[in-house]
Peer 1: 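Take this structure, written in structure tokens, and hold onto it; I'll ask about it next.
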Amino acid sequence: MNSEAKTKVGSIVHLGAGALSGMTSCILLQPFDLLKTRVQQSHMQGAGRGSVLHVLQTVVQSEGVRGLWRGTIPTLLRNAPGTSLYFYFLSHTRALSLAAERRIFHDTQRTKLSAPSNMLVGASSRALAGFLLMPGTVLKVQYESSLYRYKGMMPAVVEIWRSGGFRGFFVGAVPTAIRDAPYAGLYMLLYEAVKSYERAFAEGR
């Protein structure tokens, strides 16, 4: 199998693995996501009691235990493809960056990216995936909030379109990118640095 075919297979594997991991984490962690949204909402409204425990009790009393999973479907529609796209973009941008560095440094045997490239790869992949999935983010946050009482996905989509048009699905895209891109870039930088250190330590033992 040539390198191009391996890259294609690797991208498909990253796509599938990313989607599966994204779906699993969404279902398991949705209650925490909902509580975060409700606590933030409580403080924005100036409510006196916005503790996590108080919000948890309020949700369970008014909506039942199932209420903790409100917004799971919008979250799945965003996170599953979002995680999948992130790993897909990560795989491709890493391959492109490595090819570029091999040309720049005239080193065809180069197998590792430089620290700046690792940071750029992580940040750009996260920013691109986040932008493409921004409509899902808007839908998810509004669905989790107690300010909106949507009875289904379509009523939510129609209301967002009615109130903001196409741009309404991308509200907050820039602040989200400013938050997520640096985090993803630093994460990738530190991840690769620690991995290289551990490998060197293991080989030196």
Peer 1: Could R162 and E159 be called an ion pair, given the rule that one side-chain N must be under 4.0 Å from one carboxylate O?
Peer 2: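 Yes, this pair counts.
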Peer 1: Would you confirm whether S124, through its side chain, and V121, through its main-chain N or O, come within 3.5 Å as a donor-acceptor pair?
Peer 2: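 Yes, because the side chain of S124 sits within donor-acceptor range (under 3.5 Å) of the backbone of V121.
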Peer 1: Using the rule that Ile, Leu, Val, Met, Phe, Trp and Tyr join whenever any side-chain heavy atoms are under 4.5 Å apart, tell me whether V52 and L34 fall into a single cluster.
Peer 2: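 Result: yes, single cluster for both.
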Peer 1: Measuring from atom OH of Y86 to atom CG of L128, what distance do you get when rounded to the nearest 0.5 angstrom?
Peer 2: 12.0 Å
Peer 1: May I ask whether M153 and M134 are part of the same hydrophobic cluster, defined by side-chain heavy atoms of I, L, V, M, F, W, Y residues being less than 4.5 angstrom apart, directly or through others?
Peer 2: yes
Peer 1: In this structure, would I160 and F131 fall into the same cluster of hydrophobic residues linked by side-chain contacts under 4.5 Å?
Peer 2: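 Per the 4.5 Å side-chain linkage, I160 and F131 are co-clustered.
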Peer 1: Apply the test side chain to side chain contact (heavy atoms under 4.5 Å, CB included) to residues F32 and L29: give CA-CA distance (whole Å), side-chain angles for both, the deciding distance (0.1 Å), then the verdict.
Peer 2: CA-CA 6 Å; F32 299 100; L29 302 178; 4.1 Å; yes
Peer 1: Measuring from T137:OG1 to R78:CZ, what's the distance to the nearest 0.5 Å?
Peer 2: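 It comes to 4.0 Å.
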Peer 1: To check you understand the geometry: which heavy-atom pair defines the closest contact between A177 and P182, and what is its length?
Peer 2: O-CD, 3.7 Å
Peer 1: What are the two closest non-hydrogen atoms of R126 and A184, and how far apart are they?
Peer 2: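 For R126 and A184, the tightest heavy-atom pair comes out as CB-CB, 3.4 Å.
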Peer 1: If you measure from CG on L113 to CG on N118, what distance do you get to the nearest 0.5 Å?
Peer 2: 5.0 Å
Peer 1: For P81 and L133, work out which heavy atoms get closest and say how close.
Peer 2: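 Between these two residues, the closest heavy atoms are CG-CD1, 3.9 Å.
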Peer 1: Inspect the surroundings of CD1 in I73 and state if more than 12 heavy atoms from other residues, nucleotides or ligands are less than 6.0 Å away.
Peer 2: no
Peer 1: Answer whether the closest heavy-atom distance between the side chains of V55 and Q41 falls below 4.5 Å.
Peer 2: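 No, their side chains stay 4.5 Å or more apart.
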Peer 1: Which word best sums up how the rings of Y191 and Y187 line up, parallel for under 30°, tilted for 30 to 60°, or perpendicular for over 60°?
Peer 2: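 It falls in the parallel class, under 30°.
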Peer 1: Quick one: closest heavy-atom pair of S196 and K112, and the distance?
Peer 2: OG-NZ, 4.0 Å
Peer 1: In terms of side-chain heavy atoms, does T75 have a donor or acceptor partner in T72 at a distance below 3.5 Å?
Peer 2: no
Peer 1: Are V60 and L35 joined in one hydrophobic group, where the rule is that I, L, V, M, F, W and Y side chains link up if heavy atoms are under 4.5 Å apart?
Peer 2: yes
Peer 1: Hydrophobic cluster membership, with links at side-chain heavy-atom distances under 4.5 Å among I/L/V/M/F/W/Y: are L98 and M188 in one?
Peer 2: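 Hydrophobic grouping puts L98 with M188.
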Peer 1: Ignoring hydrogens, what is the shortest heavy-atom contact between A156 and L139? Give both atom names and the distance.
Peer 2: CB-CD1, 3.4 Å
Peer 1: Hey, mind stepping through R199 and E192 against salt bridge (charged side-chain N to carboxylate O under 4.0 Å, His left out) and telling me if it holds?
Peer 2: CA-CA 10 Å; R199 182 180 292 114; E192 291 295 338; over 6 Å; no
Peer 1: Using 30° and 60° as the class limits, which term best fits the ring planes of F169 and W161: parallel, tilted or perpendicular?
Peer 2: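 The rings of F169 and W161 sit tilted, inter-plane angle from 30° to 60°.
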Peer 1: Are any side-chain N or O atoms of W69 and backbone N or O atoms of P31, one a donor and one an acceptor, separated by less than 3.5 Å?
Peer 2: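 Answer holds: no.
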Peer 1: So, using side-chain contact (heavy atoms from CB on, under 4.5 Å) as the criterion, who are the partners of R103 when residues are at least two apart?
Peer 2: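 In terms of side-chain contact (heavy atoms from CB on, under 4.5 Å), with neighbours along the sequence ignored, R103 is linked to A99, A100.
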Peer 1: I'd like to know whether E101 forms a salt bridge (charged side-chain N to carboxylate O under 4.0 Å, His left out) with R94, so could you lay out the CA-CA distance, the side-chain angles of the two residues, the decisive distance to 0.1 Å, and finally the verdict.
Peer 2: CA-CA 10 Å; E101 286 196 349; R94 181 180 285 157; over 6 Å; no
Peer 1: I'd like to know if the side chain of T93 and the backbone of F89 have a donor-acceptor N/O pair within less than 3.5 Å.
Peer 2: yes
Peer 1: Nearest 0.5 Å, please: how far is CG in L76 from OG1 in T24?
Peer 2: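 Rounded to the nearest 0.5 Å, the OG1-CG separation comes to 9.5 Å.
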Peer 1: Report yes or no: is the cationic atom of R110 (NZ for Lys, CZ for Arg) under 6.0 Å from the centre of the six-membered ring of F105, at an angle within 45° of the ring normal?
Peer 2: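 Judged by the rule (NZ or CZ under 6.0 Å from the ring centre, within 45° of its axis), R110 counts as positioned above F105.
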Peer 1: Between the side chain of R70 and the main-chain N/O of Y143, is any donor-acceptor distance below 3.5 Å?
Peer 2: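 Present.
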Peer 1: Would you call the rings of Y88 and H92 parallel, tilted or perpendicular, where under 30° means parallel and over 60° means perpendicular?
Peer 2: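 Ring orientation of Y88 relative to H92: tilted.
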Peer 1: Consider only side-chain N and O atoms of S97 and S117, and report whether a donor and an acceptor are under 3.5 Å apart.
Peer 2: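 Not at all, the side chains of S97 and S117 share no donor-acceptor pair under 3.5 Å.
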Peer 1: List the atom of V138, the atom of V171, and the distance in Å for their closest heavy-atom pair.
Peer 2: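 Answer, listing the atom of V138 first, then V171: CG2-O, 3.7 Å.
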Peer 1: Taking salt bridge (charged side-chain N to carboxylate O under 4.0 Å, His left out) as the cut-off, I'd like each qualifying pair that reaches into residues 135-145, sequence neighbours left out, listed once.
Peer 2: D33-K140, K140-E144
